[in-house]
Amino acid sequence: MHALIRHLLRAGSPQGAVTARGWVRTRRDARGFSFLELNDGSCFASLQVVVDEGTPGSECLPDLTTGASAEVEGELVASPAKGQSWELRATRIALIGHAGPDYPLQKKGHSLEFLREIAHLRPRSNLFGAVFRTRSRLAHAVHRFFQERDFVHVHTPIITTSDCEGAGEMFRVTTLKGDLDANPAADFFGKPAYLTVSGQLEAETFACGLSRVYTFGPTFRAEDSNTSRHAAEFWMIEPEMAFCDLAGDMALAEEFIKALALAMREECADELGFFERFVDKEVRRRLDFVIERPFQRVPYAEALQILLGSGREFAYPVEHGRNLQSEHERYLTEEHFKAPVTVFDYPRAIKPFYMRVNDDQETVAAMDVLVPGIGEVIGGSQREERLDQLEQNLARQGLRPADYWWYVDLRRFGSVPHAGFGLGFERVLMFLTGVGNIRDVIPFARTPGSAEF
RNA sequence: UCCAGAGUAGCUCAAUGGUAGAGCACGCGGCUGUUAACCGUGCGGUUGUAGGUUCAAGUCCUACCUCUGGAGCCA
């Protein structure tokens, strides 16, 4: 394989006879020679190529316009000018792929909205190169975090027949034509099927056998929500631990967030510098905040007292039995505690059936991790492991135990306390990069009315 | 889905109801170990779509489409 530019730019000494391949960012012509900026996406920087008049292949120079692809052989030498320590002095140059004057990406910056319309070309821009290198490294960091702790990666199904999981509207998966509800038994799976909204219930079955598991895969919500934080298809990470209570769950969640922030700071340093300069000046400060400040834990009831006693006027009233609003969450983490915060023991009435009922019968062992700038990044709970209590919870929410027979079975055979949480990968990327729109941290966003690519 | 804002050249944006402009991109010429190069010059338009008001609409009115921000739902 030819050398990637990131390796060439890390050279410790001059090198003869190297080959670089990439896309032309810009060309500057001087008397008797030309400068080419060649970028291959392997790192943030481009390689400056110097092409003398008469170099073999230099007759293609007029075609080496912004966006064209090229191959350059030459010698890597120390650059005599400022701006780069190494440059490639070409001994042979060739055009690989032409890019005409209608190439949409220019040398100057583009708006994020415009780049979304050319999502097939935006990987060639500085910002999206940085975002997707970051996404790749952090995905790796996610796996490393769990693998180092003996978690087993489970590929939970994408297609599910579990309706009403309570996590939002679902996409129907069907091979039927016409009226889908006329005869569901004739459908491919013999009953209505959907794209998964969560792998949690399936992950619980594996935790109750392999002890510690996690999922990391695509998740689908058919909600007609049009915001900078929602996508119809996104990637979710859901660890699940047997023999674990809420305290253990919170500890893992806090450790996980810190580990990702640390990975961002240490393994994506170039990209972080770019995000800090051009995207969000506060991003590094937020990372340091999460890495260095100890997490604060506060029960929901106490959080309400803090909010009520704050003397602050909130747009939404603080009321027992209601979910905390984004503005409430941000007050707690940014102003009151000035630290990342884990709120736990939420009212039973606002949480789903699978969360474990506390002894007070009023609250459940649920927790949300809040960070500055974003609010909630993780939601999780200890699961209800007692058979009678789970059946009671299902009935209370109008669900039929028969529809959850295999989930209920876990409580009949060797049931154990267990707990887990869920975290949206794109939401975390937004927090770590400072990028403000979820459509810009996922390669090809699926949102209502939009699935072009 | 609700509320608000926006839609003018390839891109980013100007334009009191009265002759649609600039910068960048692109073409041509010049200059230069250049660095989002620079200087000159040229090209570039069904003003989102469809109606309406008016002597006259980019501008005012109505509907629709698309995008953005916020809300709800949530991850």
Side-chain angles (χ1 to χ4, degrees), chain A residues 25-37 45-52 62 65-67 77-84 87 89 99-118 121 125-126 165-169 196-200 215-238 253 278 315-316 322-327 329 350-352 368-369 371 374-380 421-431 436-442 445 447-450 452:
Chain A
R25 283 291 176 80
T26 182
R27 189 186 81 226
R28 294 180 294 273
D29 296 324
R31 181 184 293 280
F33 60 99
S34 295
F35 295 105
L36 281 178
E37 295 287 339
S46 298
L47 177 67
Q48 172 158 290
V49 179
V50 184
V51 188
D52 285 325
T65 50
T66 302
V77 298
S79 177
K82 287 180 183 169
Q84 61 283 317
E87 65 186 25
R89 189 161 278 280
D102 54 342
Y103 179 67
L105 279 173
Q106 299 172 11
K107 299 171 209 177
K108 280 202 166 186
H110 288 289
S111 68
L112 293 172
E113 291 80 6
F114 174 68
L115 289 167
R116 272 172 221 148
E117 295 172 8
I118 51 167
L121 295 174
S125 68
N126 284 338
E165 287 182 30
E169 291 295 313
T196 183
V197 293
S198 164
Q200 181 200 316
T215 72
F216 186 178
T219 309
F220 307 87
R221 306 277 167 89
E223 297 287 350
D224 188 13
S225 52
N226 226 318
T227 82
S228 57
R229 292 178 298 281
H230 290 83
E233 177 183 285
F234 62 98
W235 286 63
M236 191 149 70
I237 297 150
E238 295 178 290
F278 292 108
Y316 286 83
R322 296 178 70 121
N323 258 317
L324 296 180
Q325 298 293 322
S326 175
E327 57 173 343
E329 296 176 341
I350 57 174
K351 292 295 184 181
D368 285 346
V369 177
V371 294
I374 300 279
E376 179 189 337
V377 289
I378 283 182
F421 60 81
L423 156 142
F425 189 47
E426 287 77 15
R427 293 257 177 102
V428 176
L429 286 174
M430 292 170 70
F431 173 67
N437 196 310
I438 197 168
R439 299 171 184 89
D440 299 325
V441 295
I442 194 165
T447 51
S450 175
E452 178 66 22

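Just so we're on the same page: letters track the sequence lines, and every chain starts at 1. Heavy-atom basis, side chains included; hydrogens, waters and symmetry copies ignored.
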Taking atom C1' in both B:U41 and B:A15, compute the distance separating them and give it to the nearest angstrom.
25 Å

Taking atom C1' in both B:A56 and B:G70, compute the distance separating them and give it to the nearest angstrom.
39 Å

A:Gln325 vs A:Leu423, nearer the 5' end of RNA chain B by closest nucleotide:
A:Gln325

Would the base of B:G33 count as contacting A:Glu87 through its side chain, where contact means a donor and an acceptor less than 3.5 Å apart?
yes

Counting the atoms with a prime plus P, OP1 and OP2 as sugar-phosphate, which does A:Val428 contact under 4.0 Å by heavy atoms, base, sugar-phosphate, or nothing?
nothing

Among the nucleotides B:U35, B:U1, B:G72, which one has an atom lying closest to any side-chain atom of A:Thr227?
B:G72

Of the nucleotides B:C11, B:U35, B:C67, which has the atom closest to the A:Gln106 side chain?
B:C11

So what does A:Tyr316 hit on the nucleic acid, given a heavy-atom distance under 4.0 Å: a base, only sugar-phosphate, or nothing?
sugar-phosphate

NA contact type, A:Asp224, heavy-atom cut-off 4.0 Å: base, sugar-phosphate, or nothing?
base

Give A:Pro80 one of three labels, base, sugar-phosphate or nothing, depending on what nucleic acid heavy atoms sit under 4.0 Å from its own.
base

Can you tell me, in whole Å, how much space there is between the P of B:C43 and that of B:A22?
11 Å

A:Pro104 backbone acceptor or donor facing A:Gln106 side chain under 3.5 Å
no

Sort out the partner of B:G58 for me: Watson-Crick or G-U wobble, both distances under 3.5 Å, none otherwise.
none

Rounding to a whole Å, what distance do you find between A:Asp102:CG and B:G27:P?
12 Å

Pair assignment for B:U34, Watson-Crick or G-U wobble, requiring both distances under 3.5 Å:
none

Is a donor on one side and an acceptor on the other found under 3.5 Å between the side chain of A:Ser225 and the backbone of A:His230?
no

In whole angstrom, what separates A:Lys107's NZ from B:U12's C1'?
17 Å

Salt-bridge present (A:Glu37, A:Lys107; N to O < 4.0 Å)
no

Counter-base of B:U53, judged by Watson-Crick or G-U geometry with both distances under 3.5 Å:
none

Taking donor-acceptor contacts at under 3.5 Å, does the side chain of A:His110 reach the base of B:C11?
no

Classify A:Ser228 by what it touches in the nucleic acid, base, sugar-phosphate, or nothing, heavy-atom distance under 4.0 Å.
sugar-phosphate

Span that lies between the C1' atom of B:G58 and that of B:C2, in whole angstrom:
30 Å

Just checking A:Gly109: base, sugar-phosphate only, or nothing, at a heavy-atom cut-off of under 4.0 Å?
base

Can you check the A:Glu117 CD to B:G48 P distance for me, whole Å?
15 Å

How is A:Asn437 classified with respect to the nucleic acid when contacts are heavy atoms under 4.0 Å: base, sugar-phosphate, or nothing?
sugar-phosphate

Please report, rounded to the nearest Å, how far the C1' atom of B:C73 is from the CD atom of A:Glu223.
5 Å

Side-chain donor or acceptor of A:Glu87 paired with backbone N/O of A:Ala78 under 3.5 Å:
no

Between B:A14 and B:G72, how far apart are the two C1' atoms, rounded to whole Å?
37 Å

Would you classify A:Ile438 as touching base, sugar-phosphate or nothing, given that sugar-phosphate means primed atoms plus P, OP1 and OP2, and contacts are heavy atoms under 4.0 Å?
base

Using a 4.0 Å heavy-atom cut-off across all strands, classify A:Ser111 as base, sugar-phosphate, or nothing.
sugar-phosphate

Closest to the A:His230 side chain, choosing from B:C73, B:A37, B:U1
B:C73

So what's B:A20 paired with, Watson-Crick or G-U wobble, going by both distances under 3.5 Å?
none

Under 3.5 Å donor-acceptor, A:Glu223 side chain and A:Glu169 backbone:
yes

When both distances are under 3.5 Å in a Watson-Crick or G-U wobble arrangement, the nucleotide paired with B:U41 is B:G27

A:Arg28 side chain near A:Gln48 side chain, heavy-atom distance below 4.5 Å
yes

B:U46 and B:A50, which share atom name C1', separated by this distance in whole Å:
13 Å

Write down the distance between CZ (A:Arg116) and P (B:U12), rounded to a whole number of angstrom.
12 Å

Does the gap between the ring centers of A:Phe425 and A:Phe216 come in under 6.0 Å?
yes

In whole angstrom, what separates A:Asp29's CG from B:C26's P?
11 Å

Is any N or O donor-acceptor pair between the side chain of A:Gln84 and the base of B:U34 shorter than 3.5 Å?
yes

Could you work out the separation of B:G42 and B:G23 based on their P atoms and round it to a whole Å?
11 Å

Base, sugar-phosphate, or nothing for A:Gln48, non-hydrogen atoms under 4.0 angstrom?
base

Pick the P atom in B:A37 and in B:G44, then give their distance to the nearest Å.
25 Å

A:Arg89 near the nucleic acid: base, sugar-phosphate alone, or nothing, with a heavy-atom cut-off under 4.0 Å?
base

Under 4.0 Å, counting only non-hydrogen atoms across every strand here, what does A:Thr26 touch: a base, just sugar-phosphate, or nothing?
sugar-phosphate

OP1 or OP2 of B:U35 under 4.0 Å from side-chain N/O of A:Arg28
no

So which nucleotide does B:U47 pair with, by the Watson-Crick or G-U wobble rule with both distances under 3.5 Å?
none

Suppose we define a pair by two distances each less than 3.5 Å, Watson-Crick or G-U wobble; what does B:G7 pair with here?
B:C65

Mapping A:Asn323 and A:Pro62 to their closest nucleotides on RNA chain B, which lands nearer the 5' end?
A:Pro62

Classify the ring geometry between A:His110 and A:Phe114 as parallel (under 30°), tilted (30 to 60°) or perpendicular (over 60°).
tilted

For A:Ala99, is there any backbone N or O sitting under 3.5 Å from a side-chain donor or acceptor partner on A:Thr65?
yes

In whole angstroms, the gap separating C1' of B:A25 from OH of A:Tyr103 amounts to 13 Å

Does the structure show a Watson-Crick or G-U wobble partner for B:C73, both distances under 3.5 Å? Name it, or say none.
none

In this structure, how many angstroms lie between the C1' atom of B:G10 and the CZ atom of A:Phe114, rounded?
7 Å

